[in-house]
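Heads up: the structure comes next, in structure tokens.
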Amino acid sequence: MIDLKDLRENPDRYRTGAARKQMAVDIDRLLELDTKRREALSEQESLRAEQNRLSKETGAKIGPLMGQLKKAEGDERTRIQAEVDAIKAAPAALKEKIQSLQETIDAIKPEFDEILLSVPLPPDEDVPVGESADDNIELRRWSPDGWDADKSFHENRGFKPLTHIELCDRLGLVDFPRGVKLAGTRSYVLTGMGMRLHQAVLRYAIDFMADTNGFTPMSVPVIVKEEAMVGTGFFPAGRDQAYHIEETARGSGHDLFLTGTGEVGLMGLHQDEILDEASLPIRYVTVSTCFRREAGAAGKDTAGLYRIHQFDKVEQVVICKNDEAESREWHRKMIGFVEAFLQSLELPYRLLQCCTGDLGVKNADMIDIECWMPGRGEPDADGVPSGEFGETHSASRLYDYQCRRLNMRYRGGGEAGQGATTFCHSLNNTVAASPRILIPILENHQNADGSVSVPRVLRPYMNGIERIG
RNA sequence: GGAGAGGUGGCAGAGCGGUUGAAUGCGCCGGAUUCGAAAUCCGGUAUGGACUUCGUGUUCAUCGGGGGUUCGAAUCCCCCCCUCUCCGCCA
């Protein structure tokens with residue numbers, strides 16, 4: 001959520017920001033509703049003040065009168081009753097006005113909230129302006145020793161690559177037909193060594209972040225309340241992407257949603273909390289099953305492990321102080337962790353600076369990391385794929401946008417902790433999403449004989465197995 | 001799933017229709033005392049919003065959440081959520 005005060009003072013900043021992100025949001029309407037709402041609230045507040053003042057007087061008078069009333073008889077009783085009635089009548093008019101203003105406020109609220117939650121965080125000035133993913137800018141590439149990124153897979157390795165789908169079939173790593181039988185399109189079953197490799201990557205990723213980089217490993221819910229989805233910024237914009245468990249339909253108190261990323265659970269942990277400044281930065285890593293409806297992606301990446309409804313992801317988040325320089329520094333570090341991770345897996349990758357049009361509502365900046373997937377891309381005349389980079393990671397810098405929604409603050413003032421409260425900054429980045437990460441692992445580490453070498457760093461997690469097939 | 005008890009400030013715990021944003025204790029902060037500390041004593045100690053002559057000050061909301069009754073609700077009623085105890089079931 002953006003800062004409403006800042007929006008009032010600098011509406012153009014948000015108009016421009018939304019435009020650069022290719023998002024339609026009616027700022028003028030929001031400001032109009034805000035004015036109406038504030039007028040009503042302000043008037044209501046002064047009426048309440050009057051009501052409270054009267055109430056205090058009334059309380060002191062009515063008590064004794066009620067006592068007298070019990071004992072009194074005849075005319076005396078009638079007189080006291082009239083006095084009591086008169087005292088009671090005074091605030092009645094106020095009550096009606098307050099009620100009427102409340103109705104005005106209630107009528108404004110739904111539309112107001114809807115628009116407010118939809119106003120995107122303006123992208124940083126140094127984020128290149130663009131319309132879509134096509135305008136993203138490559139920052140740099142890395143390739144392992146012995147791999148020439150300018151040459152084809154065949155030229156590099158001396159044989160034509162198989163796609164991960166072919167490898168999975170031949171090596172018995174994935175059972176797609178039975179996955180579809182069980183759960184429909186975009187479903188799969190990891191089998192045998194496929195499952196072992198999947199678990200190995202995830203476990204290695206957790207250890208890498210916890211042991212090497214000092215992140216605290218966590219296990220968090222993947223079925224959460226709507227507040228967590230709204231708080232983390234996935235709702236209302238991404239409502240279509242989430243599976244919805246309609247518990248209210250069976251009489252329970254609230255509906256639940258399946259999370260599409262561990263970020264929801266990790267960031268939701270400290271919702272409505274005031275953290276100690278000394279506890280920052282908080283660094284969490286989790287592995288969680290992620291659920292995505294992939295609404296609107298019909299027909300896209302339908303085959304293989306690339307775009308699926310359910311997968312497991314190791315995710316890193318950082319919650320730090322409200323300081324742009326610190327946020328930027330953490331962003332660099334979190335990307336660095338992933339680079340070191342991918343380099344240890346010997347996977348060619350590139351960094352993409354996402355343009356404004358490719359950013360979501362909640363980020364000021366986003367760097368995607370794409371791994372080289374030899375089995376992707378348009379096949380040549382012989383049916384051999386040309387290879388293509390495929391997105392495997394996404395690193396976002398959100399400043400206080402997410403923490404504002406989550407109402408997550410910290411108290412400054414050092415040890416004494418007497419300072420003002422401030423919204424935290426937050427960042428998140430993938431560490432490893434599997435089975436998608438298996439695509440570059442299988443395809444890049446395949447051998448001429450159709451086997452796949454297990455990357456060295458994963459062997460300890462595979463009981464020392466060096467080769468599949 | 002069944003039966004019962006309960007959710008109040010950082011924590012413990014009173015209040016159960018009237019001037020109560022809320023007693024008391026602990027904790028925490030400041031001060032006094034002390035060579036220093038402990039103990040003791042004094043004072044302070046929620047969050048968010050609105051207005052402000054930006055020094056403050058004034059004010060509204062918040063006692064699990066929502067709705068209702070009332071001139072007035074932490075206190076009464078309804079719904080929901082959560083916690084605890086016992087039984088059942090289960091990984």
Side-chain angles (χ1 to χ4, degrees), chain A residues 1-9 33-70 80-110 112-113 116 219 221 223-228 230-231 245-257 268-279 322 400 403-424:
Chain A
M1 183 158 65
I2 49 93
D3 181 356
L4 193 52
K5 264 188 208 161
D6 191 47
L7 177 92
R8 283 183 205 124
E9 287 159 18
L33 291 171
D34 179 49
T35 304
K36 283 186 184 169
R37 179 177 143 275
R38 273 152 54 87
E39 280 170 2
L41 279 171
S42 162
E43 191 182 344
Q44 192 186 39
E45 187 185 304
S46 58
L47 289 172
R48 281 228 171 93
E50 175 67 8
Q51 190 183 43
N52 285 343
R53 199 183 55 71
L54 278 172
S55 179
K56 281 182 185 175
E57 291 176 10
T58 310
K61 285 184 201 161
I62 269 186
L65 281 172
M66 292 307 274
Q68 289 174 31
L69 189 63
K70 277 181 191 164
I80 294 172
Q81 184 64 54
E83 197 174 335
V84 168
D85 289 345
I87 292 170
K88 284 186 180 179
L94 289 174
K95 195 188 171 192
E96 269 180 43
K97 276 187 203 160
I98 289 169
Q99 186 58 38
S100 145
L101 284 165
Q102 189 59 48
E103 281 163 22
T104 306
I105 294 162
D106 289 345
I108 292 170
K109 197 174 187 323
F112 177 79
D113 286 348
L116 178 60
S219 172
I223 308 173
V224 303
K225 292 195 256 185
E226 185 165 8
E227 291 95 298
V230 173
I245 303 172
E246 286 193 284
E247 283 293 295
T248 49
R250 51 161 67 174
S252 172
H254 53 71
D255 285 359
L256 294 163
F257 297 86
L269 280 172
H270 298 295
Q271 183 156 16
D272 294 319
E273 289 185 21
I274 298 174
L275 303 164
D276 290 336
E277 186 174 22
S279 71
N322 195 305
D400 64 359
C403 293
R404 218 173 251 288
R405 285 189 175 226
L406 285 165
N407 190 27
M408 188 194 300
R409 292 163 290 163
Y410 66 94
R411 190 183 297 285
E415 300 275 318
Q418 299 292 308
T421 58
T422 315
F423 289 108
C424 307

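Note that the coordinates shown come from a computational prediction; the quantities given were computed from them, not determined experimentally. Heavy-atom basis, side chains included; hydrogens, waters and symmetry copies ignored. Here is the naming used below: chain letters follow the sequence lines, and residue numbers restart at 1 for every chain.
- To the nearest angstrom, P of G49(B) lies 12 Å from CZ of Arg37(A).
- The side chain of Arg411(A) contributes an N or O atom lying less than 4.0 Å from OP1 or OP2 of U47(B).
- Straight-line distance from the CG atom of Asp272(A) to the C1' atom of A46(B): 15 Å, rounded to whole Å.
- For Arg48(A), no side-chain nitrogen or oxygen approaches OP1 or OP2 of A50(B) to under 4.0 Å.
- Here the P atom of nucleotide C82(B) and the CD atom of Glu227(A) are 12 Å apart, to the nearest Å.
- Counting to the nearest Å, the C1' atom of G49(B) and the CG atom of Asp3(A) are 13 Å from each other.
- For the residue pair Tyr410(A) and Cys424(A), the shortest heavy atom distance occurs at CD2-SG, 3.7 Å.
- Nucleotides C63(B) and G10(B), compared at atom C1', are 16 Å apart to the nearest Å.
- Nucleotides U83(B) and G72(B) have their P atoms positioned 35 Å apart, rounded to a whole Å.
- Between U8(B) and U75(B), the distance separating the two P atoms is 14 Å to the nearest Å.
- The gap from the C1' atom of G67(B) to that of A50(B) amounts to 26 Å, rounded to the nearest Å.
- A donor N or O paired with an acceptor N or O is not found under 3.5 Å between the base of G72(B) and the side-chain atoms of Gln51(A).
- On the P atoms, A3(B) is 14 Å away from C79(B), given to the nearest whole Å.
- With the nearest nucleotide of RNA chain B identified for both Gln99(A) and Thr421(A), Thr421(A) has the one nearer the 5' end.
- Taking atom C1' in both U47(B) and C41(B), the straight-line distance is 31 Å, to the nearest Å.
- Here Arg38(A) does not reach the OP1 or OP2 of G49(B): none of its side-chain N or O atoms lies under 4.0 Å away.
- Results of the side chain to side chain contact (heavy atoms under 4.5 Å, CB included) test with Leu101(A) over Glu96(A), Glu43(A), Glu39(A) single out Glu43(A) as the only residue that passes.
- Between Asp34(A) and Arg37(A), at least one side-chain N (NZ, or NE/NH1/NH2) sits under 4.0 Å from a carboxylate O, which counts as a salt bridge.
- Here the separation of C77(B) from G48(B), taken at their P atoms, is 33 Å to the nearest Å.
- The side chain of Asn52(A) places an N or O atom within less than 4.0 Å of a non-bridging phosphate oxygen (OP1 or OP2) of C60(B).
- Residue Ala49(A) has its side chain nearest to C60(B) when only A50(B), C60(B), U47(B) are considered.
- Regarding Glu96(A), its CD atom lies at a distance of 12 Å from the P atom of U70(B), rounded to whole Å.
- Straight-line distance from the CZ atom of Phe423(A) to the P atom of G48(B): 8 Å, rounded to whole Å.
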